[in-house]
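Down below is the structure, laid out as structure tokens.
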Amino acid sequence: MTERTAPQSEHRTVLLRGGEVHSPADPFATAMVVEKGHVAWVGSEGAADAFASGVDEVVDLEGALVTPAFTDAHVHTTATGLALTGLDLSGAASLAEAAALVRAYADGRPADRILIGHGWDAARWPEARAPRRDELDELTGGRPLYLTRIDVHSAVVTTALLDLVPGIRSLAGFRDGEPLTGDAHHAVRAAAYAALTPQQRTEAQRAALRQAASLGIGTLHECGGPDISSEDDFTGLLRLARDEPGPRVVGYWADRDVERARALGALGAAGDLFADGSLGSHTACLHEPYADAGHNGTAHLDAAAVASHVVACTEAGLQAGFHAIGDAALTAVVDGVRAAADKLGLAPVRAARHRVEHAEMLTPETIAAFAEFGLTASVQPAFDAAWGGERGMYAQRLGAERARTLNPYAALLRAGVPLAFGSDSPVTPLDPWGTVRAAAFHRTPEHRISARAAFTAHTRGGWRAVGRDDAGVLVPGAPADYAVWRTGELVVQAPDDRVARWSTDPRSGTPGLPDLTPGNDLPVCLRTVVSGHTVFGGPNG
């Protein structure tokens, strides 16, 4: 990709030409003009000559693909940055390997800094257990350590960190010798994050935003809240994203105090407002007990609490939203939304575009309710790639029959439920093309969707989830959020695994996408642009 650039000006006009532009306005477009932060024109190479002399920058794409920038609809930015720059155990294949990584990390960090790590998963270790506190005390030399499970719904800690939380042993979720869950986990997380210096927090946020930009992500939905991070963390991130070049950040604050969410600059009192926990930590709330545990998980909100929150948010003009994974939690959410619609009327509830995060154990009845009430399903296809299948964690927790019902993306689309794709990073990594692939090649074939539908959910779907229908697509007038990719041949991929060459029939009207068949290389990002400004890979546009 080569460029010819004129002197900088306040509103620069850029012509991109000589590539493939993914645009429904012209499925055969090879050029695009960006002006004043918006797409001004898309069309053919020959027609681009008319613009060449009147622009500030000409980008020769050299055959590269231009697409809308991705939106990651569920991210924990600071935690992502801490995993990127700190102790990441997601690649550890055993307890012994994880222990070695903990020791090396502790030995290499300043003695006055708290140790924070992420990513252990005892379900796939031969030892089949989490690190014990006495082991962590020895590995860290008695320093405070906070170490989250891969799903971030439980954690193991050292004694030194427990000592920073008075009364921790009386909180729900504290069982001596076991990973902390529930209130106990939230308390140690708050203590660990409070021990971070402002510099550490900002460094982590910058690292996460840089990583996102390098992957063609133009927008992040930050899911913060009093049980997840802190107000300073949340407002500091929004300020950083506003003041420095990088992906835009849309903030959600998971608090039933609606006015507090508004005061913090959140678009909604939503995101990880917990109706339940996670399957991996046995805290998702189920109608029937876990296959490998004698209980049904944990409910944090009932239908009445959901209804109260949806009413308050709808009347305040904010989005409501809930974290709900288990089938019992999802039933509570839709029953609560139904009660809110009975009180306020269906139209205002639908217009508010309330959302549900994760939404994994859906039934035909809850899917129908999502469609009826206009609920956005903010989902993470990488969860299925990581934990689905006959031998995956889902099958261990639920049994194979129930596990096969999880993450039914095709059924959601057939019902008309809006989808927005995200990563829940650091639970699964920022990886947009991998996310599209995971949805197109779901481990349960009947849940697969086309790559085109998955791509739409990860671009336009994220914008629709925040109430914008005019973005996430490269058409004249849309925001100039785009990414440039080095990739192979473009194809059309259907949900039944058939991959065909991109049709040259103009009647098809279908722009192509990279061939995401497992085993093929994923596209490499060359440049990311947000509102006409380059945030990765090239001069400021």
Side-chain angles (χ1 to χ4, degrees), residues 1-6 8-71 213 215-219 247-248 432-433 452 455-456 458-460 462-463 468-490 502 504 506 508-514 523-541:
M1 186 173 67
T2 57
E3 302 163 40
R4 172 177 61 79
T5 306
Q8 298 282 334
S9 62
E10 182 180 359
H11 295 297
R12 305 180 68 243
T13 302
V14 180
L15 167 64
L16 301 96
R17 63 186 306 175
E20 305 285 355
V21 179
H22 185 93
S23 172
D26 182 349
F28 303 100
T30 58
M32 180 172 75
V33 173
V34 172
E35 186 175 32
K36 297 181 179 179
H38 289 77
V39 176
W41 173 86
V42 294
S44 66
E45 181 66 21
D49 290 336
F51 298 94
S53 62
V55 299
D56 302 300
E57 178 185 353
V58 177
V59 177
D60 182 355
L61 295 168
E62 298 178 353
L65 171 68
V66 182
T67 72
F70 286 100
T71 293
L215 295 168
I217 298 170
T219 301
R248 76 170 53 74
W433 284 114
R452 183 184 182 194
F455 180 80
T456 298
H458 216 347
T459 50
R460 199 169 192 179
W463 282 93
R468 290 281 300 273
D469 294 327
D470 61 339
V473 61
L474 300 181
V475 297
D481 282 33
Y482 63 90
V484 181
W485 307 93
R486 182 173 67 245
T487 187
E489 183 181 26
L490 301 184
W502 180 18
T504 56
S508 71
T510 304
L513 286 169
V524 175
C525 186
L526 304 175
R527 188 176 190 179
T528 305
V529 175
V530 175
S531 294
H533 296 277
T534 300
V535 299
F536 170 77
N540 192 326

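Closest non-hydrogen pair, P514 versus P523, comes out as CG-CG, 3.5 Å. Heavy atoms only, all atoms of each residue included: G218 and A69 are closest at N-CB, 3.7 Å. Nearest heavy-atom pair, A52 versus L15, reported as atom, atom and distance to 0.1 Å: CA-CD2, 3.9 Å. Across every non-hydrogen atom of P68 and H22, the tightest pair is CD-O, 4.1 Å. Minimum heavy-atom separation, A483 to C525: CB-SG, 4.5 Å. Among all heavy-atom pairs drawn from V475 and P24, the shortest one is CG1-CG, 3.8 Å.
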Under the criterion side chain to side chain contact (heavy atoms under 4.5 Å, CB included), I'd like the reasoning laid out for L16 against V21: C-alpha separation, chi angles, the key distance, then a yes or no.
CA-CA 9 Å; L16 301 96; V21 179; 6.0 Å; no
With side chain to side chain contact (heavy atoms under 4.5 Å, CB included) as the criterion, how do V33 and T13 come out once you've worked through the C-alpha distance, each side chain's angles and the decisive distance to 0.1 Å?
CA-CA 7 Å; V33 173; T13 302; 3.9 Å; yes
Report the C-alpha distance between V39 and Y482 in whole Å, list the side-chain angles of each, state the deciding distance to 0.1 Å, and finish with yes or no for side chain to side chain contact (heavy atoms under 4.5 Å, CB included).
CA-CA 10 Å; V39 176; Y482 63 90; 5.9 Å; no
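Qualifying side-chain hydrogen bond (donor to acceptor under 3.5 Å, both in side chains) partners for S531, counting only residues two or more places apart in sequence or in other chains: R248. Residues that satisfy the salt bridge (Lys or Arg N to Asp or Glu O under 4.0 Å) test with R460, not counting sequence neighbours, are absent from this structure. By the side-chain hydrogen bond (donor to acceptor under 3.5 Å, both in side chains) test, W485 is found to be paired with T67, residues two or more places apart in sequence or in another chain being considered. Annotation: side-chain hydrogen bond (donor to acceptor under 3.5 Å, both in side chains) contacts of T487 (sequence neighbours excluded): none. A search for side-chain hydrogen bond (donor to acceptor under 3.5 Å, both in side chains) contacts involving R468 returns D470, not counting sequence neighbours.
The backbone N or O of W463 lies less than 3.5 Å from no partner atom in the side chain of T71, so there is not a single donor-acceptor pair.
M32 CE to D26 CG: the interatomic distance, rounded to the nearest 0.5 Å, is 12.5 Å. Residue T534 holds its OG1 atom at 6.5 Å from CD of E57, rounded to the nearest 0.5 Å. Taken from NE2 in H38 to CG in D481, the straight-line distance is 9.0 Å, to the nearest 0.5 Å.
Residues in residues 41-51 take part in these salt bridge (charged side-chain N to carboxylate O under 4.0 Å, His left out) pairs, two or more places apart or across chains: R17-E45, R17-D49.
Between F455 and W433, the two ring planes are parallel [angle under 30°; tilted spans 30° to 60°].
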